[in-house]
Amino acid sequence: MFLVGITGGIGSGKSTVAKLFSNLGISVIDADQSAREVVKPGCPSLKEIEQHFGTEVILDTGELNRRALRERIFTNNAERQWLESLLHPLIFEYTKLQLANAPSDYAILESPLLLETTQKELVNRVLVVDVPENVQLERALLRDNATKQEIKAIMAAQISRSERLSRADDVILNDNGREDLDSQVLTLHQQYLTYAKQK
């Protein structure tokens, strides 16, 4: 199976691009969804998180309180590293299984941390969705229920824009409206179909 990894900084429009590929009949596996699956109530990892961080990171429903956890880890590097060492291998294995069962000509892994984790080993090509950093901040503030400080902390935790671009096989520049975006996706879709046939 030919696999393309889609990544980009917060607010870059990765999910929009992934949805456009999905509309073309391509299977999209969302690493964020995989991350939610491995911490569902009843999962051993959720119990470990509760033991480590305390009950304030668990909602009354028994689910993970993502906001409370995010506040804890984005201001504390050691805590973030502890969480990542617990979850990244679980997310990797779950994602690998999902990709292996994808029915389309090629498949896409959508992941905000594709290049920061071992997930990059799963893909044949890296597609970076890129926007200037001020646009990232603007869009993320409009979309997420977070402060400017929290968004900047998330941006700082991700690799830099220049490094992300230097490691890309393909780039979609997402700052010129929907029509332009559709056109870029369609061009890459044709290329990926060709690569998939050759693989």
Side-chain angles (χ1 to χ4, degrees), residues 5-19 28-96 98 109-120 122 126 128-165 167 174-175:
I6 292 183
T7 194
I10 185 172
S12 60
K14 301 178 289 298
S15 297
T16 302
V17 169
K19 182 89 173 69
V28 175
I29 311 304
D30 180 355
D32 278 349
Q33 184 57 42
S34 299
R36 284 189 281 275
E37 291 293 331
V38 301
V39 292
K40 275 186 166 176
C43 290
S45 55
L46 186 62
K47 201 78 204 147
E48 282 190 63
I49 290 168
E50 184 179 356
Q51 284 166 354
H52 186 86
F53 290 103
T55 52
E56 65 268 25
V57 298
I58 306 296
L59 295 166
D60 294 340
T61 58
E63 294 169 302
L64 184 64
N65 184 337
R66 294 178 177 284
R67 187 170 177 81
L69 186 62
R70 187 169 66 187
E71 283 167 7
R72 292 283 291 276
I73 64 168
F74 277 113
T75 54
N76 186 323
N77 240 356
E79 294 287 48
R80 181 164 63 87
Q81 283 166 358
W82 180 89
L83 187 68
E84 286 173 354
S85 68
L86 171 71
L87 295 182
H88 284 176
L90 298 172
I91 295 165
F92 181 87
E93 287 307 319
Y94 185 88
T95 302
K96 198 160 80 170
Q98 299 300 303
L109 169 59
E110 178 195 345
S111 174
L113 296 174
L114 183 77
L115 298 173
E116 291 92 329
T117 66
T118 54
Q119 290 172 17
K120 65 185 170 295
L122 294 170
V126 172
V128 168
V129 183
D130 182 55
V131 290
E133 285 171 0
N134 62 314
V135 177
Q136 271 186 268
L137 187 60
E138 205 176 284
R139 286 182 184 170
L141 282 169
L142 282 173
R143 183 197 66 191
D144 298 349
N145 184 21
T147 64
K148 189 179 266 195
Q149 188 183 357
E150 284 172 330
I151 300 292
K152 284 189 166 174
I154 291 168
M155 285 170 72
Q158 295 179 328
I159 62 171
S160 69
R161 182 186 180 201
S162 59
E163 189 182 345
R164 199 182 292 118
L165 287 169
R167 294 168 71 182
N174 183 20
D175 64 352

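In this structure, NZ on Lys14 lies 10.5 Å from CG on Leu114, to the nearest 0.5 angstrom. For the atom pair CD (Glu93) and OG (Ser34), the distance works out to 11.5 Å, reported to the nearest 0.5 Å. Atom-to-atom distance recorded for Ile29:CD1 and Leu109:CG is 8.0 Å, nearest 0.5 angstrom. Atom CD1 of Ile159 sits about 7.0 Å away from atom OG1 of Thr7, to the nearest 0.5 Å. One distance of note links CD1 of Ile49 with CG of Leu87; it measures 4.5 Å at 0.5 Å rounding. A distance of 10.0 Å separates CG of Leu142 from CG of Leu137, quoted to the nearest 0.5 Å.
Between Leu59 and Leu64, the shortest heavy-atom contact is CD1-O, 3.7 Å. What you find for Pro41 and Leu46 is that their closest heavy atoms are CA-CD2, 3.6 Å. Nearest heavy atoms, Ala35 versus Val39: O-CG2, 3.3 Å. Of all non-hydrogen atoms in Ser12 and Asn174, the two that sit nearest each other are O-ND2, 2.8 Å. Shortest non-hydrogen contact noted between Leu90 and Ser45 is CD1-CB, 3.7 Å.
A heavy-atom distance below 4.5 Å is found between the side chains of Arg67 and Glu150. Side-chain contact check for Asp32 versus Pro112: some heavy-atom pair is nearer than 4.5 Å. Residues Arg167 and Lys120 meet the side-chain proximity criterion, which asks for heavy atoms closer than 4.5 Å. You'll find the side chain of Ile154 reaches within 4.5 Å of the side chain of Arg70, heavy atoms only.
Applying the side-chain hydrogen bond (donor to acceptor under 3.5 Å, both in side chains) criterion to Ser111, with sequence neighbours excluded, gives Gln119. For Glu133, the side chain to side chain contact (heavy atoms under 4.5 Å, CB included) partners two or more places apart in sequence, or in a different chain, are Gln136, Met155, Arg161. With sequence neighbours left out, Glu37 forms a side-chain hydrogen bond (donor to acceptor under 3.5 Å, both in side chains) with Gln33, Lys40. Residues forming a side-chain hydrogen bond (donor to acceptor under 3.5 Å, both in side chains) with Arg66 (at least two apart in sequence, or on another chain): none. In this structure, Thr117 has no side-chain hydrogen bond (donor to acceptor under 3.5 Å, both in side chains) partners at least two apart in sequence or on a different chain.
In this structure, Glu63 does not pair ionically with Arg36, as no charged nitrogen and carboxylate oxygen lie closer than 4.0 Å.
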Arg72 and Arg80: CA distance, side-chain angles, deciding distance, side chain to side chain contact (heavy atoms under 4.5 Å, CB included) verdict: CA-CA 8 Å; Arg72 292 283 291 276; Arg80 181 164 63 87; over 6 Å; no

Criterion side chain to side chain contact (heavy atoms under 4.5 Å, CB included) on His88 and Leu83, from CA distance to verdict: CA-CA 8 Å; His88 284 176; Leu83 187 68; over 6 Å; no

Side chain to side chain contact (heavy atoms under 4.5 Å, CB included) between Ile151 and Leu141, worked out: CA-CA 7 Å; Ile151 300 292; Leu141 282 169; 4.0 Å; yes

Worked verdict on Asp130 versus Asp175 for side chain to side chain contact (heavy atoms under 4.5 Å, CB included): CA-CA 8 Å; Asp130 182 55; Asp175 64 352; over 6 Å; no

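Counting non-hydrogen atoms of other residues, nucleotides and ligands closer than 6.0 Å to NZ of Lys152 gives a total of 12 or fewer.
Side-chain atoms of Arg139 do not come within 3.5 Å of backbone N or O of Gly13 as any donor-acceptor pair.
Counting only residues at least two apart or on different chains, the ring pair (Phe, Tyr, Trp, His ring centres under 6.0 Å) pairs with a member in residues 29-63 are His52-Trp82, Phe53-Trp82.
Side-chain polar atoms of Glu50 and Thr55 form no donor-acceptor pair below 3.5 angstrom.
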